[in-house]
Protein chains: 2
Amino acid sequence: MNVQEALTLLKNKGYKHTGKREDIISFFSSENRYRTAKDLLNYMEPNYQGISFDTIYRNLHLFHEVGILETTELNGEKHFRMKCDHQHHHHFICKDCGITKEIHKCPMDEIEEELKSFAIDSHKFEIYGLCPACQ
Amino acid sequence: MNVQEALTLLKNKGYKHTGKREDIISFFSSENRYRTAKDLLNYMEPNYQGISFDTIYRNLHLFHEVGILETTELNGEKHFRMKCDHQHHHHFICKDCGITKEIHKCPMDEIEEELKSFAIDSHKFEIYGLCPACQ
DNA sequence: TTACAAATCGTAATGATTACGATAAAATAA
DNA sequence: TTATTTTATCGTAATCATTACGATTTGTAA
């Protein structure tokens, strides 16, 4: 998802356009990386000195709720990245820098059979390690 | 892993046998379920009134470190269960009760090819939903 | 049984996240 | 443009899981 699509989505859902929101979206759209609330705060602080935690977390959750961001937990902290809106896939995630690489093999197809009596509502398949740059 | 194996493992590694440790191990060995630190505390409290957080968390981490427990994160909380020591597999995890069901299809085999330049050190494949009893 | 290391207690500190009343800013209508 | 309303943000305190630590107790091995 790009910046413009995200802004339009927000507007369509009745949320207001603010400079902070635009900058938050730019921050995430610039890279295929999982980042923390603190990473975002560090990025915002120079331009918006005194920005509140409330603003950071409220927007992260809002963006996740409306589908602008996706989230995962890495070592006890929530991490966020721009939502991938093309075909279903999974990610390799670098433990150091959070960069992601798409994995286009999804194991679920062959598994639903095994779980007939369970009500599946989501699954997580992630691979962790170091990307070439961080090795 | 059963209670006896776990106690022997602890002893072999030079850790002391205490009533609390035995009870913690019993707690986990009784079910195929992910439980939180708080679940464990609730279980221990009646028998050991005033048991310290330190004891709960220290032992959870120790047991994870020596391979008695395995761990995952569900809604921002660490969950623990008895380590499965037989063949590599994954789990379906019930979001309500934490019960697990083994999944014997591992997607990794077919994926390493795609990630030649990455240093893979672990992967997580979990399916979430409701077990038959919780539906 | 003694002595020492390890385990536990009681409680405070930490760190991420959430919450909230007061204020400011964006959108909408007049 | 101005007024009005609604949402966003600030500043800061509260919460919740987890970690840390000095003092005390308990296993264990000599």
Side-chain angles (χ1 to χ4, degrees), chain A residues 6-27 34-66 68-81 98, chain B residues 6-27 34-66 68-81 98:
Chain A
L7 290 173
T8 303
L9 181 55
L10 272 186
K11 174 155 205 166
N12 291 345
K13 300 229 174 188
Y15 296 104
K16 293 183 176 166
H17 177 282
T18 69
K20 295 191 185 71
R21 285 184 170 161
E22 186 163 342
D23 279 10
I24 293 173
I25 290 168
S26 306
F27 172 69
Y34 273 107
R35 312 303 303 266
T36 63
K38 171 164 280 190
D39 290 337
L40 175 58
L41 183 63
N42 291 340
Y43 172 82
M44 298 294 280
E45 205 118 50
N47 308 317
Y48 302 99
Q49 159 258 341
I51 187 172
S52 168
F53 282 118
D54 194 73
T55 301
I56 297 291
Y57 284 105
R58 188 172 19 74
N59 283 309
L60 285 173
H61 290 143
L62 173 64
F63 292 180
H64 177 242
E65 190 184 310
V66 303
I68 292 172
L69 296 178
E70 54 191 82
T71 181
T72 192
E73 293 203 28
L74 302 169
N75 7 30
E77 262 183 287
K78 283 178 190 144
H79 286 61
F80 299 85
R81 56 154 291 149
Chain B
L7 290 173
T8 303
L9 181 55
L10 271 186
K11 175 154 206 168
N12 290 345
K13 299 227 176 190
Y15 296 104
K16 293 183 175 166
H17 176 280
T18 70
K20 295 192 185 71
R21 285 184 171 162
E22 187 163 340
D23 278 10
I24 293 173
I25 290 167
S26 307
F27 172 69
Y34 274 106
R35 312 303 303 266
T36 62
K38 171 165 280 187
D39 291 336
L40 175 57
L41 184 63
N42 291 341
Y43 172 81
M44 299 293 280
E45 205 119 50
N47 309 317
Y48 301 99
Q49 157 258 344
I51 187 172
S52 169
F53 282 119
D54 193 74
T55 301
I56 298 291
Y57 284 106
R58 188 171 20 73
N59 283 309
L60 285 173
H61 289 144
L62 173 64
F63 292 178
H64 178 242
E65 190 183 309
V66 304
I68 293 172
L69 296 178
E70 54 191 82
T71 182
T72 192
E73 294 203 27
L74 303 169
N75 7 23
E77 264 184 285
K78 284 178 191 146
H79 285 61
F80 300 85
R81 56 155 290 152

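Just so you know, these numbers come straight off a predicted model, no measurement behind them. Chain letters run A, B, ... following the sequence lines, proteins first, then strands; residues in each count from 1.
In 5' to 3' order, the nucleotides of DNA chain D bounding all contacts with chain B (an atom under 4.0 Å from a heavy atom) are D:dA17 to D:dT28.
The backbone N or O of A:Y57 sits less than 3.5 Å from a side-chain atom of A:H61, completing a donor-acceptor pair. Checked by atom type and distance alone, the side chain of A:T36 never pairs as donor or acceptor with a backbone atom of A:H79 at under 3.5 Å.
Here B:R21 reaches the OP1 or OP2 of C:dA7: one of its side-chain N or O atoms lies under 4.0 Å away.
The separation between A:K38 atom NZ and C:dT17 atom C1' is 12 Å, rounded to whole Å. Atom NE2 of A:H79 and atom P of C:dT17 are 9 Å apart (whole Å). The CG-C1' distance, from B:L62 to C:dA5, rounds to 15 Å in whole Å. One can place CG of B:N47 at 13 Å from P of C:dC9, the figure rounded to the nearest angstrom. Whole-Å rounding puts the A:L74 CG to C:dA16 P distance at 14 Å.
With the end axes of the helix from C:dT1-D:dA30 to C:dA30-D:dT1 each set by five pairs, the angle from one to the other reads 30° at 10° resolution.
Within 4.0 Å (heavy atoms only), A:G50 reaches sugar-phosphate atoms of the nucleic acid but no base atom.
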Counting primed atoms plus P, OP1 and OP2 as sugar-phosphate and everything else as base, spell out the protein contacts along nucleotides 23-30 of chain C at 4.0 Å heavy-atom distance: B, S or - for each nucleotide, 5' to 3'. ---BS---
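Projected onto DNA chain C by closest heavy-atom contact, A:S52 and B:I56 fall at different nucleotides, the more 5' of which corresponds to B:I56. Between B:N59 and A:Y57, it is B:N59 whose nearest contact on DNA chain C lies nearer the 5' terminus.
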Going through the distances and angles, do B:F80 and B:D39 end up as a side chain to side chain contact (heavy atoms under 4.5 Å, CB included)? CA-CA 10 Å; B:F80 300 85; B:D39 291 336; over 6 Å; no
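Between A:F27 and A:Y43, the angle of the ring planes lies from 30° to 60°, which puts this pair in the tilted group.
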